[in-house]
Protein chains: 2
Amino acid sequence: MSQPSAPRKTTGRPPRISREEVIEKARRIVTEEGVDRLTMRRLATEIGSTPMALYHHVRDKEELLVLLLDDHTARTLHRPELPDDPRERVVASAAAIHEVLAACPWIVEVLTADDLMSASALWFVEQMVDGLVECGLTPEQAVHGYRAIWYYTAGEITVRTAAARRRAGDDRATYRERVFADLDPGELPRLTQVADQWASLTAENTYLAGLRALVNGLLAPGTP
Amino acid sequence: MSQPSAPRKTTGRPPRISREEVIEKARRIVTEEGVDRLTMRRLATEIGSTPMALYHHVRDKEELLVLLLDDHTARTLHRPELPDDPRERVVASAAAIHEVLAACPWIVEVLTADDLMSASALWFVEQMVDGLVECGLTPEQAVHGYRAIWYYTAGEITVRTAAARRRAGDDRATYRERVFADLDPGELPRLTQVADQWASLTAENTYLAGLRALVNGLLAPGTP
DNA sequence: ACCTGAACACCGTTCAAGT
DNA sequence: ACCTGAACACCGTTCAAGT
C-alpha cells in the first residue's frame, strides 16, 4: 500500500515532516494511550506541527488508520514455518493472522473497513486458499472457505475486544449477570443449567478449537 | 432489558417526554438517515427538546444504542417454527438471528459491545445450546460451540456491512482491485488464479453454507 | 511544495438554575 | 422530578494566505 517514497522533486519548499514520521507518532499514541486518543489535533501537537500539515501526508483520518494497520502487520506478521499437511497449513495461517490482530485490538475499527486486510497478509490468504484446494476443494469453494475463516476470525477479535472494553468500563459488565440471574428455568433450561459457568466458559480462549471445527466442516463432505 | 415502566410517582413535575418517545424518534433517525446522523443534539431537536432532557431518560448515548438494539430485536425477531432435527434447529436459530441483524447493519457498532446480544435473543441461544447438547456435546462444549457460531455470525455482519459502506464511499473500493492487479503470480499463484472471480465470489451470500460447515465441524468427532 | 491561522460546523456531557 | 441555558472541552476538515 505505502508506495516506496517517490523520487523527490527538488522544487518547492522542503518538507518538515514525513509520512513515516506521521505514522510513527500515530503508532506511539495508539499503543501507549489507545486508539480513542488518536486525533488529528493531538497527533499534530505531538509532531510539533498543525493539524492541517498532516493532510499533506495522509488523505484523511481513515487513510491514516489503514496505514497504521499496514505498518503494524508489516512489523509483526512474519512468515512462519508452516506445516506440510495442507489442513494444518490452513489452520496455522489463520492462527498467525489472528495472533497479530489480537495483539493490537484497536485495529478492529479498521479491519472492518476492508474484507481483505493489509497487503502484508496476502501471503497468508494464499496459503489458506492453496491449502483448501490441496485438500480437495475447487478454487471457488476455497475462496468461500477462506471468507468463512475470515468472518470467524474477525468476529472473534471484535467480540473479544468489546468484552475487554466492557470489563474496563464501569458497571455495564453486570448486564450479563443481571440477565442470567433472571432466567426462567422453565423456558430456558439449558441456559439456566450453564448460567454459573457462563462467565468462566466465555473467558476461555477457544479461537483455535472453533477454527479447527470450521476448517474440518469446510473440508468434510456436506451433510445434506 | 427495558424494565416495564415503573409505577409512576405522583410527586414532581410531570414528564414532557418519555423513554419510549426517545427510542422511537431515535429509531426513525437511524433507519431513515443512518446511525452516523444519530446525535444527542439532533435527537433533541427532533423531539422538540434540549439535549440535556434526554439524559433524564437514558444514561448516555451508549445506553441509547443498546436500547435501540433491544427495541429492534423485540420488534423483528419472532420465534419461528424450528425444525425437529437438533442440528437443523441450531442452524435455523443462528440464521434467524443473522437475518435480523443483517437487516439493520447499523447495529454492528452496538453488537460488538456485548457478547450476548439483546435479551430478546436469549430464546435462540437456548435453542442453539440445546440443539448442540442433543447432538451429543456436553453443556460446556455446547456453550463454546454457540460462541463459535456467534463469532462467525458477528464477523459476517461486520465484514459485510463494512464492504457495503466502502462501496457507498468514493473510491476506496478500488483498493482491492489495485492489490489484485499487482499480484505476483510466482509468489501468489492461487490468488492470481482466482483474481478475476474474487469480486463476484465475495459478493455471494455464503453465510448459510459457512454456518453449516461450522456446525458440522462442531458436531463431528475431532480430527486430532 | 509545504505549512500556518483562523474558521466552519459540529460533537457528548456537566453544572447551576428554573418550574 | 423534570427540563433549560450556557458552558466545557473537544472533534475532522476546508479555505485563504504565507514562505
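Everything numeric in this text was worked out from a predicted model, so none of it was measured. First the proteins, then the strands, lettered A, B, ... as listed; each starts at 1. Just the heavy atoms: all of them, side chains too, but no hydrogens, waters or symmetry mates, feed the values below.
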Which of C:dT14, D:dG12, C:dG12 is nearest the side chain of B:Lys61? It is C:dG12
Distance check needed: D:dC2 C1' versus B:Leu54 CG, whole Å only.
13 Å
By nearest atom, which of the nucleotides C:dG12, C:dC3, C:dT4 is closest to the A:Ile17 side chain?
C:dC3
OP1 or OP2 of D:dT14 under 4.0 Å from side-chain N/O of A:Tyr55
no
Would you indicate, yes or no, if C:dC3 has its OP1 or OP2 atom less than 4.0 angstrom from a side-chain nitrogen or oxygen of A:Thr50?
no
Would you please confirm or rule out a distance under 4.0 Å between OP1 or OP2 of D:dC2 and any side-chain N or O of B:His57?
no
What stem regions, each of at least 3 consecutive Watson-Crick or G-U pairs below 3.5 Å, can be found for DNA chain D?
C:4-8 with D:12-16, C:12-16 with D:4-8
Suppose you measure atom P in C:dA9 against the same atom in D:dC8; what distance do you get, rounded to whole Å?
22 Å
Length of the CG-P vector between A:Leu43 and D:dT13, whole Å
12 Å
Rounded to the nearest Å, what distance is computed from the CE atom of residue B:Met52 to the C1' atom of nucleotide C:dA17?
13 Å
Rounded to the nearest 0.5 Å, what separates atom CD in B:Glu99 from atom CG in B:Leu208?
10.5 Å
Send over the distance from A:Glu63 CD to D:dG12 C1', rounded to a whole Å.
15 Å
Round to the nearest Å and state the distance from A:Glu21 atom CD to C:dC2 atom C1'.
14 Å
Looking only at side-chain N and O atoms, does B:Thr39 come under 4.0 Å of OP1 or OP2 in C:dC10?
no
Give A:Arg41 one of three labels, base, sugar-phosphate or nothing, depending on what nucleic acid heavy atoms sit under 4.0 Å from its own.
base
SB check A:Glu33 A:Arg42 (cutoff 4.0 Å)
yes
Residues B:Tyr151 and A:Thr153: side-chain donor-acceptor under 3.5 angstrom
no
Whole angstrom value for the distance that separates P of C:dC2 from CZ of A:Arg19:
12 Å
Hey, what's the ring geometry for B:Trp198 with B:Phe180, parallel, tilted or perpendicular (30° and 60° as the breaks)?
tilted
Strand contacts (DNA chain D) in residues 24-36 of chain B, 4.0 angstrom heavy-atom criterion:
none
note: A:Met40, atom CE; D:dC10, atom P; distance rounded to Å ~ 18 Å
Tell me the interatomic distance from B:Ile47, atom CD1, to D:dC3, atom P, rounded to whole angstroms.
10 Å
So, is B:His56 near the phosphate of D:dT4, with a side-chain N or O under 4.0 Å from OP1 or OP2?
no
In this structure, NE2 of A:His144 is separated from CZ of A:Arg147 (nearest 0.5 Å) by 7.5 Å
When rounded to the nearest 0.5 angstrom, what distance separates CG in A:Leu77 from CD1 in A:Ile97?
6.5 Å
I'd like to know if the side chain of B:Asp130 reaches the main chain of B:Leu132, judged simply by a donor and an acceptor atom lying under 3.5 Å from each other, with no hydrogens or angles considered.
no
Determine whether a donor-acceptor pair (N or O, by modelled atom type, separation under 3.5 Å) exists between the side chain of B:Lys25 and the backbone of B:Glu20.
no
Measure from the side chain of B:Pro15, starting at C-beta and using heavy atoms only, and say which of C:dG5, D:dC2, D:dG5 lies closest.
D:dC2
Between the NE2 atom in A:His56 and the CZ atom in A:Arg16, the distance rounded to the nearest 0.5 Å is 12.0 Å
If you measure from the Lys or Arg side-chain nitrogens to the Asp or Glu carboxylate oxygens, is any gap between B:Glu187 and A:Arg79 under 4.0 Å?
yes
